[in-house]
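What follows is a short report on a single structure.
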Protein chains: 2
Amino acid sequence: MVGALMRRPTIVDIAKAAGVSKGAVSYALNGRPGVSDRTRERILTIARDLGWVPNGPARALAPGGLVGAVGMVVDRPASELGAEPFFTRLVSGIEAELTGSGVDLLLQVTADVESEAAAYRRWAAERRVDGVVVVDLRESDYRTELVRELPLPAVVLGGPEGADGLPCLWTDDAAVMHEVVHYLAALGHRNAVQVAGPECFRHTGARAAAFAEAAREAGLKSAATVHADYTGDEGTRVTRRLLAHRDRPTALVYDNDLMAVAGLGVAAEMGIPVPDELSIVAWDDSVLCRLVRPSLTAVSRDVEANGAQVARMLTRLVAGEPVHAVESTRGELVPRDSTGPLTES
Amino acid sequence: MVGALMRRPTIVDIAKAAGVSKGAVSYALNGRPGVSDRTRERILTIARDLGWVPNGPARALAPGGLVGAVGMVVDRPASELGAEPFFTRLVSGIEAELTGSGVDLLLQVTADVESEAAAYRRWAAERRVDGVVVVDLRESDYRTELVRELPLPAVVLGGPEGADGLPCLWTDDAAVMHEVVHYLAALGHRNAVQVAGPECFRHTGARAAAFAEAAREAGLKSAATVHADYTGDEGTRVTRRLLAHRDRPTALVYDNDLMAVAGLGVAAEMGIPVPDELSIVAWDDSVLCRLVRPSLTAVSRDVEANGAQVARMLTRLVAGEPVHAVESTRGELVPRDSTGPLTES
DNA sequence: CCCACCTCCTGAACCGGTTCAGCCCACGGC
DNA sequence: GCCGTGGGCTGAACCGGTTCAGGAGGTGGG
């Protein structure tokens with residue numbers, strides 16, 4: 001609209017137009033003391049008229065300046081990520097919180113832990129982000145130490161054990177797992193298997209421990225945990241092996257919804273009626289669980305809300321405010337058609 | 001390792017250590033002429049020893065400097081995105097290409113077209129990205145004009161119609177749709193319905209037109225297109241309505257895999273055997289199609305490869321090299337258990 | 001022998017912001 | 001009337017790179 005200026009207006013243009021110095025413009029635009037209200041008003045008007053927008057790199061370059069971006073590295077094989085709704089939901093939640101505050105999200109998908117560490121290093125060294133969200137906490141995870149020494153402000157999704165004192169948003173998976181197991185026991189199941197995620201993850205260990213403990217409490221005869229890698233393919237393989245067993249389990253608890261869908265498919269292919277002879281519980285309740293038939297009983301978590309919450313925590317952390325460990329709303333067991341009382345055969 | 005320096009090393013530190021000027025260091029590090037091979041070698045060694053990494057904002061700030069990031073805005077409701085594998089696969093593919101070249105991906109999820117436009121404007125004005133990937137081309141899409149006038153280097157995933165001359169990676173959906181329809185006709189189907197995506201998208205229109213034309217060619221008696229919004233819920237609703245009809249279709253072609261899974265669920269709930277009385281084809285073959293039972297016949301595309309390709313095109317465009325429209329590898333019909341000959345009832 | 005030219009390098013400007021020291025001036029108190 | 005105070009603003013430094021004009025010194029040709 002202002003045809004005179006080809007390049008984008010800078011604060012120098014504003015300063016010239018207002019007849020003041022760069023410094024005064026900066027004070028005015030940032031709402032800091034140092035200019036009178038009259039002058040501030042005039043400068044703001046001119047800035048608006050010129051269509052001025054702060055230049056990101058320039059802001060970031062100034063001492064103490066922020067980049068206005070946060071990063072998240074997802075270290076899972078691309079093949080698995082595709083159909084796994086969890087991360088997309090998490091990203092949606094984070095975005096929802098960041099949008100409007102002018103902070104961008106940098107997403108990186110890596111294939112191994114080394115690449116993930118390299119990403120953090122690069123982001124810190126090149127000053128690409130102001131902070132990061134750390135997900136999928138592992139047993140003896142050196143990333144907590146890494147972000148601390150870089151240093152790179154970080155909020156952990158998970159913990160609090162293993163978060164190493166970093167601010168974190170954690171869930172009491174154990175409590176929900178108890179609820180799940182007691183529910184299955186009440187339905188008459190005595191032989192259950194947990195198809196868990198990879199052993200390296202902390203939340204896997206926590207859930208597995210809770211599964212075993214709850215099974216003891218509930219008096220289950222058999223309650224094993226087998227580990228898989230969250231992919232549909234391995235969910236299929238593992239389930240096939242489990243159901244081919246002579247003394248096969250009558251209840252399966254999956255650590256994500258994709259494997260649960262795979263398990264349901266295997267039951268169908270083997271002619272095992274669900275839920276009459278086999279009950280299935282999925283962890284993380286995406287739309288998938290409602291779409292398949294029979295629909296899947298699932299542990300529902302508000303992943304989007306968690307994403308938003310973790311983004312808020314990171315924003316505050318970057319701003320220098322104190323941030324502590326927060327417990328997120330607990331998951332909720334949503335019974336559907338894939339679980340039921342064992343029918344005598 | 002070098003304990004003397006608390007802050008990150010800058011080129012000034014390197015210059016001091018090497019006894020040369022800032023300029024010489026810059027030439028050496030960027031592989032430009034202006035320094036002797038001996039000096040260059042010395043500077044590079046010192047840089048490596050100090051652990052120097054270029055500062056992103058500083059580089060971007062210099063005239064003609066690049067930010068080292070590209071952006072993608074996905075304008076779909078968060079609820080739908082979660083379980084939709086397409087975008088996650090696309091992001092994985094883009095990442096795979098960008099990783100290693102030191103270019104980051106900024107992802108934004110918006111709820112409407114205005115927010116998407118605002119994102120482009122902000123990214124251009126604040127200099128957050130060097131270019132963008134434009135997806136989900138719409139009928140009369142003003143984004144092509146927008147990126148052109150901002151200006152913001154952009155590559156379109158889709159087109160070439162509607163790409164408005166921008167470099168694009170397009171697919172010949174029509175050809176595959178013909179294949180699908182003739183396949184269904186060969187199986188004996190005469191009454192098919194396409195459950196398409198939202199009408200506003202260009203690829204929806206292209207596929208619908210191809211569906212109608214192929215149906216005419218193949219001599220189908222009835223071939224309607226109904227529009228849905230890609231969500232599982234609407235897939236369920238639409239399918240229920242279609243199958244409740246007195247003269248219900250015997251073949252359904254879905255525009256994405258999530259709706260196809262939903263459709264399969266509805267068929268199960270209504271007791272309509274698949275594929276005996278109903279054939280189902282999904283567009284986009286994610287792992288989901290292989291997991292459900294019966295497994296879904298699908299049009300398979302290498303979405304990851306497309307992502308990588310579009311990232312490569314954008315990288316070249318940003319570098320100032322000429323980039324033209326490219327046709328991606330065509331989708332492929334993968335028959336599975338959800339399609340079959342119509343059995344007389 | 002002198003000049004032109006090339007190689008290698010320096011010094012300084014520049015990108016667009018932020019911030020700090022310090023100046024000017026009005027005003028209030030004694 | 002004089003001094004202290006503080007609000008309002010300026011000028012300059014600074015962040016960490018890139019780039020350009022130009023200088024020093026060596027080399028080759030006429």
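So you know, we letter chains A, B, ... as the sequences are listed, proteins then strands, and number each from 1. For the numbers below, each heavy atom of this structure counts, side chains included, while hydrogens, waters and symmetry mates do not.
In this structure, B:I43 places its CD1 atom 8 Å from P of C:dT10, rounding to the nearest Å. With rounding to whole Å, A:D37 atom CG is found 14 Å from D:dC9 atom C1'. Computed from coordinates, the A:R59 CZ to D:dG16 P distance equals 18 Å when rounded to whole Å. In this structure, the CD atom of B:E126 is 20 Å from the P atom of C:dC15, given to the nearest Å. Per the geometry, CG belonging to B:L50 stands 14 Å off P belonging to D:dG16, to the nearest Å. Between the CZ atom of A:R42 and the C1' atom of D:dC9 there is a distance of 12 Å, given to the nearest Å. Rounded to whole Å, the distance from CG on A:N55 to P on C:dG16 is 7 Å. Atom P of nucleotide D:dC9 and atom CD1 of A:I14 are separated by 16 Å, given to the nearest angstrom.
A salt bridge does not link B:D13 to B:R8: none of the charged side-chain nitrogens sits closer than 4.0 Å to a carboxylate oxygen. A salt bridge is absent between A:R202 and A:E161; no separation between the charged side-chain nitrogens and carboxylate oxygens falls under 4.0 Å.
A side-chain donor-acceptor contact under 3.5 Å links B:R143 to the backbone of B:V135. Listed for the B:T45 side chain is a donor-acceptor partner under 3.5 Å among the backbone atoms of B:E41. Side chain of A:R40 to backbone of A:R32: a donor-acceptor contact under 3.5 angstrom is found.
Nearest heavy atoms, A:A124 versus A:L150: CB-CD1, 4.0 Å.
Side-chain nitrogen and oxygen atoms of A:W52 include at least one within less than 4.0 Å of the OP1 or OP2 phosphate oxygen of C:dG17. Neither OP1 nor OP2 of C:dC15 sits under 4.0 Å from any side-chain N or O of A:T10. The side chain of A:S36 places an N or O atom within less than 4.0 Å of a non-bridging phosphate oxygen (OP1 or OP2) of D:dC9. Contact between the side-chain N/O atoms of B:R32 and the OP1/OP2 oxygens of D:dT18 is not found at any separation under 4.0 Å.
Judged by closest nucleotide on DNA chain C, B:V35 is the one of B:L61 and B:V35 placed further toward the 5' end.
The side chain of B:A62 has D:dG17 as its nearest neighbour among D:dC9, D:dG17, C:dG16.
Within residues 16-31 of chain A, the residues having any heavy atom closer than 4.0 Å to DNA chain C are, in order of number, A:K22, A:G23, A:S26, A:Y27, A:N30.
Partners of A:D164 under the side chain to side chain contact (heavy atoms under 4.5 Å, CB included) rule, at least two apart in sequence or in another chain, are A:T144, A:R148.
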